[in-house]
Asks: 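Here it is: the structure, laid out below.
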Amino acid sequence: MEYIRVTKENLEKEHICCAISNNKDIQVSSKKAWLADRFDEGLVFLKSVERGKCFIEYIPAECAWNPIEAPGYMYINCLWVSGSFKGHGYSSDLLSECIEDSKEKGKEGLCILAAARKKPFLADPKFLKYKGFEACDEADNGIQLWYLPFEEKTEPPVFKECAKHPHINERGYVLYYTNQCPFNAKYVPILEETAQKNGIPFKAVKIESRKDAQNVPTPITTYALFCDGEYVTNEQMNAKKFLKLVSREEK
């Protein structure tokens, strides 16, 4: 497999894997705008030259849009290989490139979000364990912080206190999200419209800055849905899934 690094210089002409469409598509344009502002902070987006979901996205942990304390680490936003790309070792290829690059940059290790059992849009814990990662912290909602230190006795990263106990003091449905995930640009407005049509109390809170992202009441910032103050899910959903969730929560 041949890989290419997306940069500010080629961002407009390259597809970005997690949203494969033209630049006029709201999902693509929102994600590319978010990426463009991150490259100067050290973000790396490495993808297959073939069109498809096969890429890794990582950034120095100090600049990550997550409430973590991980000085000296590289934080992996996303490692995604799916469809026909699965089963060929591409995840290992991409992770190896990230490890080599991070070591060259003097980083102490890698960290990434996962859970004890695989959750949608989070890294597979079985794969992480196979690659030498270990869980080093866990929030009340089961979301875990995993790390791979490059040297023994390296201090492990941790969640900030605000993220360890996901809870908010608001009734109804409250969604925290960012443009890091391209699907939000399409589906968040759909949820807002669906909630309004069905009389469902719903508020979408778009996280606009790294500072805000590093202080939200949830370890996941790309998409975190709360209901009556309690964390519900990080899974992006369409109108049908949302109404099904609401129906289940009301029982």
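Everything numeric in this text was worked out from a predicted model, so none of it was measured. What's counted below: heavy atoms across the whole structure, side chains too, no hydrogens, waters or symmetry copies.
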Asks: What residues form a salt bridge (charged side-chain N to carboxylate O under 4.0 Å, His left out) with Asp124, not counting sequence neighbours?
Replies: none
Asks: Quick one: which residue pairs count as a ring pair (Phe, Tyr, Trp, His ring centres under 6.0 Å) with a foot in residues 207-237, not counting sequence neighbours?
Replies: Tyr176-Phe226, Phe226-Tyr231
Asks: Which heavy-atom pair separates Ala114 from Ala123 by the least distance, and what is that distance?
Replies: CB-O, 3.7 Å
Asks: For Trp146, enumerate each residue passing the ring pair (Phe, Tyr, Trp, His ring centres under 6.0 Å) test, keeping only those at least two apart in sequence or located in another chain.
Replies: none
Asks: Heavy atoms, side chains only, cut-off 4.5 Å: are Tyr177 and Tyr187 in contact?
Replies: no
Asks: Can you hop from Ile56 to Met1 via hydrophobic side chains spaced under 4.5 Å?
Replies: yes
Asks: Would you give the length of the straight line joining atom CZ of Arg117 to atom NZ of Lys126, rounded to the nearest 0.5 angstrom?
Replies: 9.5 Å
Asks: Can you hop from Trp34 to Tyr58 via hydrophobic side chains spaced under 4.5 Å?
Replies: no
Asks: May I ask you to decide if Glu12's main-chain N or O and Lys32's side chain share a donor-acceptor pair within less than 3.5 Å?
Replies: yes
Asks: Determine the minimum heavy-atom distance between Thr221 and Pro67, stating which atoms define it.
Replies: CG2-CD, 3.9 Å
Asks: Using the test side-chain contact (heavy atoms from CB on, under 4.5 Å), find all partners of Asp140 that sit at least two apart in sequence or belong to another chain.
Replies: His165, Pro166
Asks: Let me see the working for Tyr173 and Val246 under side-chain contact (heavy atoms from CB on, under 4.5 Å), right down to the final yes or no.
Replies: CA-CA 9 Å; Tyr173 289 88; Val246 172; 3.7 Å; yes
Asks: Which heavy-atom pair separates Glu138 from Gly142 by the least distance, and what is that distance?
Replies: OE2-CA, 3.5 Å
Asks: Just to verify, what does Glu193 make a side-chain contact (heavy atoms from CB on, under 4.5 Å) with, not counting sequence neighbours?
Replies: Lys197
Asks: Would you indicate whether the side-chain heavy atoms of Leu46 and Asp101 approach each other to under 4.5 Å?
Replies: no
Asks: Roughly how far, to the nearest 0.5 Å, is CD of Gln214 from OG of Ser209?
Replies: 8.5 Å
Asks: Enumerate donor-acceptor pairs with a distance under 3.5 Å from any side-chain N or O in residues 232-244 to protein atoms, sequence neighbours excluded.
Replies:
residue : atom : partner : partner atom : Å
Thr233  : OG1  : Glu235  : N            : 3.0
Asn234  : ND2  : Pro120  : O            : 2.8
Glu235  : OE2  : Lys241  : NZ           : 3.3
Asn238  : OD1  : Lys240  : N            : 3.3
Asn238  : OD1  : Lys241  : N            : 2.9

Asks: Can you give me the closest heavy-atom contact between Asn184 and Thr222, atom names plus distance?
Replies: ND2-O, 2.8 Å
Asks: So Lys8 and Asp40, salt bridge (Lys or Arg N to Asp or Glu O under 4.0 Å) or not? Walk me through it.
Replies: CA-CA 9 Å; Lys8 291 176 75 172; Asp40 288 341; 3.2 Å; yes
Asks: Going hydrophobic residue to hydrophobic residue with side-chain gaps under 4.5 angstrom, can you get from Val205 over to Ile168?
Replies: yes
Asks: Holding to side-chain contact (heavy atoms from CB on, under 4.5 Å), I want the full list of residues that pass it with Ala70, two or more places apart in sequence or in another chain.
Replies: Ala61, Ile68, Tyr73, Cys111, Pro157
Asks: Rounded at 0.5 Å granularity, tell me how far OG in Ser247 sits from CD1 in Ile200.
Replies: 9.5 Å
Asks: Looking at Thr218 and Ile220, what are the two nearest heavy atoms and their distance?
Replies: OG1-O, 2.9 Å
Asks: Go through the structure and list residues passing side-chain hydrogen bond (donor to acceptor under 3.5 Å, both in side chains) with Glu50, not counting sequence neighbours.
Replies: none
Asks: Please report, to 0.1 Å, the donor-acceptor pairs under 3.5 Å made by any side chain of residues 74-86, with sequence neighbours excluded.
Replies:
residue : atom : partner : partner atom : Å
Tyr75   : OH   : Asn66   : OD1          : 3.4
Tyr75   : OH   : Asn66   : ND2          : 3.4
Asn77   : ND2  : Glu57   : OE2          : 2.8

Asks: Verify the cluster assignment for Phe150 and Ile112: are they in a single hydrophobic cluster under the rule of side-chain heavy atoms below 4.5 Å apart?
Replies: yes
Asks: Does Lys186 form a side-chain contact (heavy atoms from CB on, under 4.5 Å) with Asp25? I'd like the steps, not just the answer.
Replies: CA-CA 9 Å; Lys186 176 180 179 180; Asp25 185 283; over 6 Å; no
Asks: Could you report the tightest heavy-atom contact between Pro182 and Ser30, atom names first, then the distance?
Replies: O-OG, 4.1 Å
Asks: Can you tell me how far the CD atom of Glu208 sits from the OG1 atom of Thr178, to the nearest 0.5 Å?
Replies: 9.5 Å
Asks: Can I get a per-line list of side-chain donor-acceptor pairs under 3.5 Å for residues 89-100, giving both atom names and the distance, sequence neighbours left out?
Replies:
residue : atom : partner : partner atom : Å
Ser92   : OG   : Lys131  : NZ           : 2.9
Asp93   : OD2  : Tyr3    : OH           : 3.1
Ser96   : OG   : Ser92   : O            : 2.8

Asks: Are Trp65 and Val216 close enough that some pair of their side-chain heavy atoms sits under 4.5 Å apart?
Replies: no
Asks: Would you call Lys107 and Pro60 a side-chain contact if the rule is heavy atoms closer than 4.5 Å?
Replies: yes
Asks: Would you say Pro125 and Lys118 make side-chain contact, with heavy atoms under 4.5 Å?
Replies: yes
Asks: If a pair satisfies salt bridge (Lys or Arg N to Asp or Glu O under 4.0 Å) and one of its residues is in residues 155-171, list it, with sequence neighbours excluded.
Replies: Asp137-Lys164, Glu170-Lys203, Arg171-Asp228
Asks: Is there side-chain contact between Cys63 and Arg210, with heavy atoms separated by less than 4.5 Å?
Replies: yes
Asks: A side-chain contact here means heavy atoms from C-beta on lying under 4.5 Å apart; do Pro71 and Glu62 qualify?
Replies: yes
Asks: Does the side chain of Gln144 come within less than 4.5 Å of Leu122's, by heavy atoms?
Replies: no
Asks: What residues form a side-chain contact (heavy atoms from CB on, under 4.5 Å) with Thr7, not counting sequence neighbours?
Replies: Arg5, Glu9, Asn10
Asks: Between Val44 and Ile16, is there shared hydrophobic-cluster membership here, with clusters defined by ILVMFWY side-chain heavy atoms closer than 4.5 Å?
Replies: no
